[in-house]
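Before any comments, here is the structure.
Only heavy atoms go into these numbers, but all of them, side chains included; no hydrogens, no water, no symmetry mates. Predicted model, so just to flag it, every value in this text is computed and none were measured.
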Amino acid sequence: MLLSKQMGLAMWLAMGLCLSGAQATTLTMDLPEPQAVDGLLLEGVHFNYTLNGAASTDATVPVYAVGDLLHVQDPVLEGSTDGTLVLDFDTPVNDVSFGVALQAETAQPDAVWVQAWLGNTVQDQRWLSLVPEVLFAEARYALSGLAINRLQISFAMPASRFVFDNLSFTPAVSSVPEPATHLMWMAGLMVLAGLAKRSQRQG
């Protein structure tokens, strides 16, 4: 009876170690010095910004422009609404969210168009409607339960400015165990073997 309890505890320990690797990452756009967004790489996320289909420097980070809103707080990524912001993730992620705001003092229905991709397949696409705050109107995008590796963000309001902040994501759990997962399972099995030998000696 004692051995079965110890084995159960060891199995739970091994499974917990395997599952603990997938932790959320949040990017708050707090970089040490200003730089263009296009070509930026942060925590496995490649940022690209284009204007009329060509790479553009008209989006920078970090910028102090909005203060503290609900979903967006300084510092932020800031750029022209005439452009398109694309984020490519090194590996598929899920539970993705971010805050976005436009320089507007009134509600902005269907103001931000977001597409989430996995390879060549669109996993999610929707308009975000923005709620007015002080000098800005903002919204939060959130997608859970679907793996993606690209976000594409564009804007309905021309000749204005947008800000982007608080990008959060979690690595998607792979169906094929990674080497680290194999090692953790092996460690758990070694614990089980040690408990079995100990039980035999005591018996």
Side-chain angles (χ1 to χ4, degrees), residues 22-66 69-103 108 110-130 136-158 160-174:
Q23 296 182 352
T25 297
T26 300
L27 303 181
T28 58
M29 307 301 136
D30 190 9
L31 275 65
E33 59 185 30
Q35 55 190 295
V37 169
D38 189 60
L40 182 65
L41 173 61
L42 292 175
E43 300 285 344
V45 184
H46 299 261
F47 289 75
N48 296 283
Y49 178 77
T50 58
L51 197 59
N52 298 320
S56 172
T57 58
D58 197 9
T60 56
V61 65
V63 175
Y64 291 81
V66 300
L69 305 181
L70 184 60
H71 307 301
V72 176
Q73 301 87 32
D74 285 335
V76 295
L77 181 161
E78 188 264 355
S80 169
T81 56
D82 291 325
T84 299
L85 179 65
V86 176
L87 314 179
D88 286 308
F89 299 87
D90 278 343
T91 58
V93 298
N94 54 28
D95 297 328
V96 178
S97 66
F98 62 81
V100 62
L102 297 179
Q103 193 171 1
Q108 300 295 315
D110 295 345
V112 182
W113 177 242
V114 183
Q115 289 183 304
W117 301 74
L118 181 62
N120 295 322
T121 303
V122 177
Q123 298 287 78
D124 180 65
Q125 56 183 358
R126 69 181 100 143
W127 284 103
L128 298 183
S129 295
L130 310 186
F136 283 83
E138 67 165 355
R140 178 176 181 266
Y141 173 86
L143 177 66
S144 181
L146 292 173
I148 66 165
N149 60 4
R150 168 174 282 197
L151 282 172
Q152 183 169 311
I153 304 159
S154 55
F155 307 91
M157 179 188 293
S160 186
R161 309 298 291 180
F162 77 91
V163 293
F164 174 95
D165 195 21
N166 295 321
L167 172 65
S168 180
F169 56 91
T170 304
V173 177
S174 173

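Contact of the Leu27 side chain with the Phe169 side chain is registered, since non-hydrogen atoms from C-beta on lie closer than 4.5 Å. The side-chain heavy atoms of Thr50 and Ser56, taken from C-beta on, include no pair separated by under 4.5 Å. Contact annotation: the side chain of Val163 never approaches that of Leu69 to less than 4.5 Å [non-hydrogen atoms, C-beta and beyond]. The shortest distance between side-chain heavy atoms of Asp90 and His46 falls below 4.5 Å. The shortest side-chain heavy-atom distance between Leu118 and Pro92 falls under the 4.5 Å cut-off.
Here the side chain of Tyr49 pairs a donor or acceptor atom with the backbone of Ser80 at under 3.5 angstrom. Formation of a donor-acceptor pair under 3.5 Å by the Asp165 side chain with backbone atoms of Gln73 is found in this model. Formation of a donor-acceptor pair under 3.5 Å by the Asn166 side chain with backbone atoms of His71 is found in this model. Between the side chain of Thr57 and the backbone N or O of Ala36 there is no donor-acceptor pair closer than 3.5 Å.
Taking each heavy atom of Gln23 and Pro171 in turn, the nearest pair found is O-CD, 3.4 Å. The minimum heavy-atom distance linking Leu31 with Pro62 is given by the pair O-CG, 3.4 Å. Taking all atoms of both residues into account, the shortest heavy-atom contact from Gln115 to Val122 is NE2-CG2, 4.4 Å. Contact detail for Ala101 and Glu138: the closest heavy-atom pair is CB-CB, 3.7 Å. Closest heavy-atom contact between Ala111 and Leu102: CB-CD1, 3.9 Å. Arg150 and Phe89 get closest at one heavy-atom pair: N-CD1, 4.0 Å.
Considering CD of Gln123 and CD1 of Ile148, their distance stands at 8.5 Å, rounded to 0.5 Å. To the nearest 0.5 Å, atoms CG (Asp110) and OG (Ser129) are separated by 4.5 Å. Rounded to the nearest 0.5 angstrom, Leu151 CG and Leu143 CG are separated by 8.0 Å. From Gln103, atom CD reaches atom CD of Glu78 across 8.0 Å, with rounding to the nearest 0.5 Å. With values rounded to the nearest 0.5 angstrom, Leu41 atom CG is found 9.0 Å from Phe47 atom CZ. Of the inter-residue distances, the one linking Asp38 atom CG with Leu85 atom CG reads 9.5 Å to the nearest 0.5 angstrom.
In summary, of the residues considered (Asp88, Val37, Leu87, Leu40), a side chain to side chain contact (heavy atoms under 4.5 Å, CB included) with Asn48 occurs for Asp88 alone. Tested against Arg161, the residues Asp82, Asp58, Thr81 include a single side chain to side chain donor-acceptor pair (under 3.5 Å) partner, Asp58.
Below 30°, between 30° and 60°, or above 60°: for Phe98 and Tyr141 the angle between ring planes is below 30°, a parallel geometry.
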Are Val72 and Phe136 close enough, and set up right, to give a side-chain contact (heavy atoms from CB on, under 4.5 Å), and what steps lead you there? CA-CA 10 Å; Val72 176; Phe136 283 83; over 6 Å; no
Using the rule given for side-chain contact (heavy atoms from CB on, under 4.5 Å), can you reason through Phe162 versus Leu77, listing the C-alpha separation, both sets of side-chain angles and the distance that settles it, and then say yes or no? CA-CA 8 Å; Phe162 77 91; Leu77 181 161; 3.8 Å; yes
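Residue-environment remark: CD (Glu43) stays at or below the threshold of 12 foreign heavy atoms within 6.0 Å.
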